[in-house]
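Heads up, the thing below is written out as structure tokens.
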Amino acid sequence: MVATFCLRLAAGLILMLPILSPAHIPPRFYRVHFLTALGLLAVAGIFLYGDSARWSAEAATSFWLIYAIAALGCVVGSIVWHLDKAPGGTLAVYLTPIALAACLIDGGMIVRRDAVVLRSEVNSPMRIADDMLSALVLGSATTAMLMGHSYLISPSMSIAPLMRLLGAIGVSLILRIGLACFGLWEWTSTHGTSN
């Protein structure tokens with residue numbers, strides 16, 4: 001559970017960066033975001049390392065490769081946003097979310113494979129959508145909170161990034177609620193209701 005939460009939060013934080021404009025936000029915001037995601041990946045890796053002995057060799061190899069690429073993307077992103085004019089910063093903002101989303105999806109599939117659930121539902125598209133939408137809710141809320149704290153340091157910063165993040169929270173919550181309602185409808189249609 002801890003590993004899943006950390007993967008969701010790390011992916012969600014970095015997935016929010018492409019909707020923000022670097023022209024309105026100081027580079028330290030991006031740097032801290034990449035470092036936070038890296039720390040969350042490290043915690044997830046610690047918890048998943050013990051479980052990886054039960055995984056198949058192929059599943060373990062693919063997950064740890066994707067994990068390493070995601071961690072490398074976070075390291076590169078934090079270094080790039082520490083430099084003047086952030087050379088390659090935009091590239092890191094657009095490529096690292098892909099690696100983290102892949103890490104979340106693959107990690108979620110492996111964790112669910114080990115969990116005690118109905119085998120037909122273990123890695124259904126609903127479960128993968130659940131991981132992604134949970135990541136978006138966590139990431140948009142946490143990023144908006146961190147953006148709010150950035151206004152304490154830079155009070156003259158534009159309010160536009162915060163408004164975009166608040167919109168992202170609204171959209172991700174609506175999508176997450178829609179997925180939950182669809183899952184409830186699907187479950188009640190197959191299991192029926194009791195009187």
Side-chain angles (χ1 to χ4, degrees), residues 1-19 30-83 86-143 168 172 175-176 179-180 182-183 186:
M1 283 310 262
V2 173
T4 302
F5 173 78
C6 289
L7 286 175
R8 285 178 177 179
L9 184 54
L13 286 171
I14 301 302
L15 283 167
M16 289 298 111
L17 293 181
I19 69 169
Y30 288 94
R31 185 174 59 248
V32 168
H33 245 55
F34 280 111
L35 288 173
T36 304
L38 181 62
L40 289 164
L41 276 176
V43 172
I46 290 168
F47 278 92
L48 289 172
Y49 184 74
D51 293 340
S52 65
R54 293 180 296 178
W55 303 348
S56 69
E58 185 178 294
T61 302
S62 72
F63 173 77
W64 291 115
L65 179 64
I66 295 169
Y67 177 90
I69 292 169
L72 181 65
C74 290
V75 168
V76 168
S78 67
I79 292 171
V80 163
W81 284 100
H82 191 71
L83 303 172
T90 305
L91 192 62
V93 164
Y94 286 104
L95 292 181
T96 307
I98 296 168
L100 277 162
C103 188
L104 172 64
I105 291 168
D106 196 35
M109 288 170 54
I110 291 172
V111 168
R112 280 189 296 277
R113 211 174 293 138
D114 287 346
V116 180
V117 246
L118 296 174
R119 288 292 172 204
S120 62
E121 297 178 6
V122 169
N123 289 319
S124 69
M126 285 282 290
R127 299 277 184 171
I128 294 169
D130 176 53
D131 277 342
M132 291 306 296
L133 291 175
S134 295
L136 289 175
V137 170
L138 282 169
S140 60
T142 306
T143 303
S172 61
L175 291 173
R176 183 72 178 97
L179 182 70
F182 178 76
E186 188 178 55

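Here the structure is a predicted model, which is why all the values come from computation and not from measurement.
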Next item on the list: Please test Leu179 against Leu175 for side-chain contact (heavy atoms from CB on, under 4.5 Å), starting from the C-alpha separation and ending with a verdict.
Entry: CA-CA 6 Å; Leu179 182 70; Leu175 291 173; over 6 Å; no
Notebook entry, point to check: Between atom OG1 of Thr96 and atom CD1 of Ile14, what is the distance when rounded to the nearest 0.5 Å?
Noted result: 6.5 Å
Margin query: Checking Tyr94 now: which residues fulfil ring pair (Phe, Tyr, Trp, His ring centres under 6.0 Å) with it, not counting sequence neighbours?
Written below: none
Next item on the list: Applying side chain to side chain contact (heavy atoms under 4.5 Å, CB included), name anything that partners Val32, two or more places apart in sequence or on another chain.
Entry: Thr36
Checklist line | Distance (rounded to the nearest 0.5 Å) between Ser134 OG and Leu9 CG | finding: 11.5 Å
Item checked: Minimal non-hydrogen separation, Ala101 against Met132, with atom names -> CB-CE, 3.8 Å
Next item on the list: Provide the full list of salt bridge (Lys or Arg N to Asp or Glu O under 4.0 Å) pairs with a residue in residues 4-16, sequence neighbours left out, each pair given once.
Entry: Arg8-Asp130, Arg8-Asp131
Margin query: Which residues pass the side chain to side chain contact (heavy atoms under 4.5 Å, CB included) test with Leu95, not counting sequence neighbours?
Written below: Leu91, Ile98
Next item on the list: State, with a plain yes or no, whether a side-chain heavy atom of Val2 is found less than 4.5 Å away from one of Val43.
Entry: yes
Notebook entry, point to check: To the nearest 0.5 Å, what is the distance between CG (Leu133) and CD1 (Ile128)?
Noted result: 12.0 Å
Using atom types as modelled, flag every donor-acceptor pair under 3.5 Å from a side chain in residues 63-79 to any protein atom, sequence neighbours excluded.
from  : atom 1 : to    : atom 2 : distance (Å)
Tyr67 : OH     : Leu41 : O      : 2.5
Ser78 : OG     : Cys74 : O      : 3.4
Ser78 : OG     : Val75 : O      : 2.8

Margin query: I'd like to check the side chain to side chain donor-acceptor pair (under 3.5 Å) partners of Thr90; sequence neighbours left out, ordered by chain and number.
Written below: none
Item checked: Heavy-atom closest contact (Ala10 atom, Ala37 atom, distance) -> CB-O, 3.8 Å
Check: Do Met16 and Thr142 come within less than 4.5 Å of each other through their side chains, counting heavy atoms only?
Finding: no
Check: Can you name the nearest heavy-atom pair linking Pro87 to Val80, along with the distance?
Finding: O-CG1, 3.0 Å
Check: Do Phe34 and Leu17 come close enough that some side-chain heavy atom pair is under 4.5 Å?
Finding: yes
Next item on the list: Go through the steps for Arg176 and Leu136 under the test side-chain contact (heavy atoms from CB on, under 4.5 Å), then give the verdict.
Entry: CA-CA 9 Å; Arg176 183 72 178 97; Leu136 289 175; over 6 Å; no
